[in-house]
Amino acid sequence: MDRKLHLLDTFSAQGADGRLYKVKAYEQLVRDPSIVDGQEHWEPLGVTELRLDSGELVDVRPDGRMRVVASGLTLMRH
């Protein structure tokens, strides 16, 4: 299954380390092979993911807090 990300939003967040980070919100898309007209067609999956500008995945907690998955660093929207 072909998948790609579509940029929805970019915002700043402050890390628990005091640094500012650029966070990007993406919508996941999948290629729709049922349409055969010589062009690629992409459909949204209804799934949004957050990533740091560096590409690291960011998890959003139910209370709105964010955490960088790889490092455990917590972030708050700035």
Worksheet entry | Listed partners of Asp9 passing salt bridge (charged side-chain N to carboxylate O under 4.0 Å, His left out), at least two apart | Arg77
Discussion item. Let me confirm one number: the OG-CZ distance from Ser12 to Arg19, rounded to the nearest 0.5 Å.
Written reply: 12.5 Å
Response to the item:
For Leu29, the other hydrophobic cluster members (4.5 Å side-chain criterion, sorted by chain and number) are Trp42
Discussion item. How about NE2 on His41, more than 12 heavy atoms from neighbouring residues, nucleotides or ligands closer than 6.0 Å, or not?
Written reply: yes
Worksheet item: Sequence neighbours excluded, which residues qualify as side chain to side chain contact (heavy atoms under 4.5 Å, CB included) partners of Leu5?
Response: Arg3, Tyr26, Gln28, Glu49, Arg51
Practice prompt. Tell me who clusters with Leu75, hydrophobic residues only, linked when side chains sit under 4.5 Å apart either directly or through other members.
Written response: Phe11, Tyr21, Val23, Leu50, Leu52, Val58, Val60, Met66, Val68, Leu73
Worksheet item: Going through the checks in order, is the side chain to side chain contact (heavy atoms under 4.5 Å, CB included) test met by Leu8 and Thr48?
Response: CA-CA 9 Å; Leu8 296 175; Thr48 303; 4.3 Å; yes
Worksheet item: Atom NE2 of His6 and atom CG of Leu45: how far apart are they, to the nearest 0.5 Å?
Response: 13.5 Å
Fill in: By side chain to side chain donor-acceptor pair (under 3.5 Å) - contacts of Ser54 (at least two apart)
Glu56
Discussion item. Taking Asp2 first and then Lys4, would you say they form a salt bridge - that is, a charged N and a carboxylate O separated by under 4.0 Å?
Written reply: no
Item to complete: Any side-chain hydrogen bond (donor to acceptor under 3.5 Å, both in side chains) involving residues 62-72? Give me the pairs, sequence neighbours left out, ordered by first then second residue.
Response: Asp63-Arg65
